[in-house]
Amino acid sequence: MPDEVLIVGGGLIGSSIAWRLARKGAQVTIADAGNLGGEASPAGAGMLSPRAEFDKPSVWLDLGIESMRLYPSFVEELRTETGIDTDFRMFAPEEGIVDPAALLRALRCACESRMVRIVREHVTTVHPRKYGAVVIAAGAWSDKIRVTGHVLPAVIPIKGHLIGFQLEPGALGPVRRRGDTYVLQRSNGFLVAGSNEQDIGFDRTVDAAICEDIHRRAAQLFPPLKHATPVKRWIGFRPRSATGEPHIGRVAGTNVWLAYGHYRNGILLTPVTAKRIAAEIL
Ligand code: GLY
């Protein structure tokens with residue numbers, strides 16, 4: 001068991017690693033610049049579809065399928081510990097949805113009850129020798145953190161827009177998807193439609209024309225949206241690594257672990273990332 005574990009970034013990835021470690025008795029601190037997972041985590045739609053995202057064999061597909069298999073027990077353990085329902089539903093063995101905001105709330109609650117120390121701090125520099133282990137899980141901001149003795153692999157923000165509608169619960173049924181367009185609905189009726197991609201840095205503007213385009217595309221998939229009015233429009237930054245593959249694992253010969261670069265799949269890959277990183281550290 002290492003001494004204190006510092007996790008930089010308290011989104012779904014960082015919080016789930018913290019929870020997994022704390023359950024085994026590790027002493028864990030999460031440092032997060034904002035409101036613990038205020039960035040990519042709640043910005044996602046929560047679509048869990050490895051076979052729709054990846055049509056060819058790849059590391060992504062393998063991770064996605066493994067993570068999908070872990071999802072039912074992951075959310076059930078969280079619900080047992082916290083009482084929070086994450087609105088996880090599976091329409092097929094490898095096809096489901098989850099509410100990312102509820103998942104984040106549950107993880108935060110689980111971390112707090114497991115005595116994870118949570119500090120609101122914009123970490124710019126980390127000295128790994130001060131800790132038993134350090135995990136970098138700061139999404140699209142990860143490579144901005146200076147870790148003495150290391151150069152972290154580059155990551156860039158890929159901006160995406162989503163729009164939300166309030167509809168009758170159950171109006172949609174399973175997720176619908178064609179190309180870059182998808183629609184899914186939470187149990188409370190809130191329907192999310194996405195998305196697009198822009199490589200334009202950390203620009204937080206919500207672009208009305210892009211939202212209208214998503215609305216038009218979503219209405220082709222689900223015609224009742226044609227005359228519906230969005231009640232919410234928002235953006236998020238997917239963290240895409242320079243290699244195009246996620247960084248999940250130890251920096252060789254060090255006590256530094258990387259858990260970022262999940263690009264379009266952070267929510268899907270949360271359980272498998274937490275399992276792998278926590279197991280290696282422990
Ligand atoms: N995973 C879907 C998206 O990033 O838009």
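Ligands are counted one by one from 1 in listed order, and the atoms in each one are counted from 1 as well. Values in this document were obtained by computation on a predicted structure and should not be read as measured data.
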Protein heavy-atom partner closest to atom 1 (N) of ligand 1 - residue, atom, separation in Å: Arg264 O, 2.7 Å

For the residue pair Trp141 and Phe237, does the interplanar ring angle fall in the parallel (under 30°), tilted (30 to 60°) or perpendicular (over 60°) class? perpendicular

Please list, in number order, the atoms of ligand 1 under 4.0 Å from a heavy atom of Glu53. 1 (N), 2 (C)

Those residues at least two apart in sequence (or on a different chain) that pass side-chain hydrogen bond (donor to acceptor under 3.5 Å, both in side chains) with Asn196 are His161

List the closest protein heavy-atom neighbour of atom 2 (C) of ligand 1: residue, atom name, distance to the nearest 0.1 Å. Tyr182 OH, 3.4 Å

If you draw the axis of the six-membered ring of Phe222, does the NZ or CZ of Arg176 fall within 45° of it and under 6.0 Å from the ring centre? no

Protein heavy-atom partner closest to atom 4 (O) of ligand 1 - residue, atom, separation in Å: Arg238 NE, 2.7 Å

What residues, two or more places apart in sequence or in another chain, satisfy side-chain hydrogen bond (donor to acceptor under 3.5 Å, both in side chains) together with Thr82? none

Using non-hydrogen atoms of the residue, decide whether Glu197 is closer than 4.0 angstrom to ligand 1. no

Can you tell me how far the CZ atom of Arg238 sits from the NZ atom of Lys159, to the nearest 0.5 Å? 11.5 Å

